Amino acid sequence: MRSGLLVLAAADIVRSLPQTVSEKPDNLDRRLMNGLGKTPALGWNSWNQGGCEAATAVVALNTASAFINLGLRDVGYTYINIDDCWSTTSRNSSGYLVPDPNKFPQGIKALTDQIHSMGLKFGLYGDAGTMTCAGHPGSQGYEVQDAKLLASWGVDYWKHDNCYTPCNAGLQQTCTNPAGSSQTWYIKMRDALLSSGRPIFYSLCNWGRDNVWTWGADVGNSWRMSIDNWGNWADVVRIASEAAPIASYSAAYGFNDLDMMIIGNGRLTTAEERTHFGIWAISKSPIIMGTDLTKLTTERLNLIKNRALLAINQDSLGKAATTFRPSGAASPVSGQLYPYWAGPLSDGVVVGLVAPDGAQTLSVNFADVPGLGAGTFAWTELYSGHTGSGISVSANLNAHDMAVFKVVRIASG
Ligand code: GAL
């Protein structure tokens, strides 16, 4: 069993209390001190699969079995997360959240025990306001009690949503004129979780409000930086375009969360699914699957089990890729997918090439890539396994497709 603070390395123990936003974003001493999430979380969440209906013990256990039977646990997928609608619609007379008895007939503790015995971890969802987005009890005013309850159940991961939070005007559910910064209520739950007696991964879900990337690292292990991935290619494009300018805020123990995956929901082409997975992986986003894994085709399964891409995502350096502009290329346009991406790795550089519109051949000189420069480099394309070397690389891409290269220097220029 992990014993929270005791397992921290010396570097992790230094945490500055003042939450100034002017510090360097990747300053490790601002990371949340719970010892979890050194690399982005890998797992599954019920919401994109089936909304309220998928928040059941049966679905969680089927998914856990799929993690094992399909080899997903072997490549690093760990978290089985149940989202909104797992509880009854009111607290009990002692103020405790109550698992819906129809969905969790044995309660939550029995489920977490079973999931732990399968070598996996279990996550739950809640909300910083008076109600969750689907109208179940929120944690406002109950933070300490809820955190202790989660710890007693053996919960490993908590996603904290932002509905029905203090609001000056507008729709209470997703208030656009909030009474205060969401940072205030996210800190409350952080402190409650930190004193709950159990290390619990803290996933902030304020949809990118209040520039969460500037303070999220001191509050949670990951933070949603945009509104939902609603399931279409347009969402992948929007989120990727918003993630690129804030890539530098991700570092070990705290990552931009680009939202849950939609691979296998039937609305993306094969090429689009590759780009979705590729950008999330190189951006160091948590990769939380959001469809019924038991129904994935072999091709999709192979995509999400791509060890080389997962190794980029889980690289110990924890630095996210962002866009770069080769000489002669047009500038990135907000809201559009940019073709050229790169980011540092502990043992090289990752370069992504994306065809945002039609089929296209894209080339890049390594001299133009941040972190590379003059010299000769060996490259491996991580979807096809093709390898080569030289001073440049190119890819023939279908519309909306992506190639991801791991590039390593072999000779100085
Ligand atoms: C949204 C959140 C989604 C999902 C949903 C549940 O606010 O962004 O990821 O959790 O609430 O109601």
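Counting starts at 1 for both ligands and their atoms, in listed order. Just so you know, these numbers come straight off a predicted model, no measurement behind them.
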Legend entry - Pairwise disulfide bond (SG atoms under 2.5 Å apart) hits with a residue in residues 37-97, at least two apart: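 Qualifying pairs: C52-C85.
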Inset, instruction - Could you list the residues that satisfy side-chain contact (heavy atoms from CB on, under 4.5 Å) with N168, not counting sequence neighbours? - result: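 Testing N168 for side-chain contact (heavy atoms from CB on, under 4.5 Å), a comparison that skips the adjacent residues, returns N177, A179.
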Inset, instruction - Please determine, by modelled atom types, if W185 and N162 share a side-chain donor-acceptor pair under 3.5 angstrom. - result: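 Side-chain D/A pair, W185 to N162: present.
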Inset, instruction - Decide yes or no for W86 and L97: does some side-chain heavy atom of the first lie under 4.5 Å from some side-chain heavy atom of the second? - result: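 The answer is yes; the side chains approach within 4.5 Å.
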Legend entry - Test applied, side chain to side chain donor-acceptor pair (under 3.5 Å); reference residue, W233; option that passes from E273, H276, H400: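 When E273, H276, H400 are each tested with W233, the side chain to side chain donor-acceptor pair (under 3.5 Å) holds only for H400.
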Inset, instruction - Just grab all the ring-ring contact (aromatic ring centres under 6.0 Å, His included) pairs involving residues 55-74, residues at least two apart or on different chains. - result: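 Non-adjacent pairs meeting ring-ring contact (aromatic ring centres under 6.0 Å, His included): zero.
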Inset, instruction - Show the protein residues that qualify under the rule heavy atom under 4.0 Å from an atom of ligand 1, listing them in chain and number order. - result: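 Heavy-atom contacts below 4.0 Å: W47, D83, D84, Y125, C133, K159, D161, C205, W207, R224, D228, M260.
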